[in-house]
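When a ligand or atom number is given, it counts from 1 through the structure's own listing order.
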Amino acid sequence: MFEEISLIPAFKDNYIWLLRRGRAAFVVDPGDAAPVEARLAADGLQLAGILITHHHADHQGGVAALVEAHACPVHAPAEESITGRSHPLRGGERLDVLGVPVEVLAVPGHTLGHLAYLAPGALFCGDTLFGAGCGRLFEGTPAQMQDSLARIAALPETTQIYCAHEYTQMNLPFAAAVEPGNPAIAARARRVAALRQAGQATVPLTLAEEKATNPFLRWTQAAVIGAALAHGAADDSPAAVFGALRAWRNTF
Ligand code: ZN
Ligand code: FE
């Protein structure tokens with residue numbers, strides 16, 4: 001496994017993940033090159049490659065400058081417009097990232113070509129799953145996103161989820177509105193508030209905690225189904241429940 005997985009903050013609330021083994025590093029979703037260069041210089045690291053989850057500028061905006069400076073490979077969705085992409089991916093591939101086996105998962109929904117990268121025990125999921133929330137459906141359908149999230153939910157519960165934004169605290173009031181009677185959500189809100197107060201990240205997430213508190217993974221729970229039906233879900237199918245919650249969240 002990697003010797004270190006650490007975050008590089010970017011913009012207002014993005015996280016660029018840095019994977020290190022020895023003096024070599026990969027970065028995931030470098031939306032900005034400057035903070036990556038600063039970190040490489042500070043830690044004396046060589047940039048060995050880049051993983052991209054999807055085409056939005058806050059995830060790939062730094063690629064051109066990093067490739068120019070480091071001539072490193074760029075693994076990225078084949079079906080999206082990605083600057084400097086050297087290795088197009090569609091999901092199902094297996095990569096060697098600094099000697100660590102990484103599986104590529106297709107997780108359409110936020111965008112149609114969206115990928116997630118699964119290292120042993122660690123998932124880099126871009127804007128698919130967030131703390132207590134999920135990405136907006138800019139390109140995909142509710143059914144596509146629900147299927148993507150279901151495949152993430154089926155990973156081992158100890159899986160650490162490295163998403164690309166610090167949104168957990170912002171998302172928890174909606175989770176509480178969906179399930180006012182879920183004590184795990186209230187307990188998480190207190191823990192998250194303390195972390196943020198101390199200036200700390202709430203990411204990585206653990207899959208077990210998301211499954212207990214994230215309404216977008218809880219489409220089989222009676223309270224969640226009831227809330228979705230009260231907010232326009234046509235039936236109690238996972239895709240309909242998920243779709244109604246996602247639409248409600250957009251106006252919450
Ligand atoms: Zn995005
Ligand atoms: Fe983003």
Under 2.8 Å from the Fe ion (ligand 2), can any N, O or S atom of [X] be found?
X    : answer
D127 : yes
H165 : yes
H54  : no

Pair E210 + R188: basic N to acidic O under 4.0 Å: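 Salt bridge: yes.
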Residue among H54, H110, H55 satisfying ring-ring contact (aromatic ring centres under 6.0 Å, His included) with F138: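 By the ring-ring contact (aromatic ring centres under 6.0 Å, His included) criterion, F138 pairs with just one of H54, H110, H55: H110.
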Identified side-chain contact (heavy atoms from CB on, under 4.5 Å) counterpart of P30 within the set L18, I8, I52: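 So, applying the side-chain contact (heavy atoms from CB on, under 4.5 Å) to P30 and each of L18, I8, I52, only I52 qualifies.
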D58: its N/O/S atom lying closest to the Fe ion (ligand 2) (atom name):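 The D58 atom nearest to the Fe ion (ligand 2), restricting to N, O or S, is OD2.
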Backbone or side-chain N/O/S of D127 under 2.8 Å of the Zn ion (ligand 1):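 It does; at least one qualifying atom falls short of 2.8 Å.
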Closest approach to the Zn ion (ligand 1) by H56, given as the N, O or S atom name: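 The nearest such atom is ND1.
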Side-chain heavy atoms of E37 within contact of H70, under 4.5 Å: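 They are in contact (side-chain heavy atoms under 4.5 Å apart), so the answer is yes.
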E3 atom CD: more than 12 heavy-atom contacts under 6.0 Å: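 For E3, atom CD is crowded (more than 12 foreign heavy atoms under 6.0 Å).
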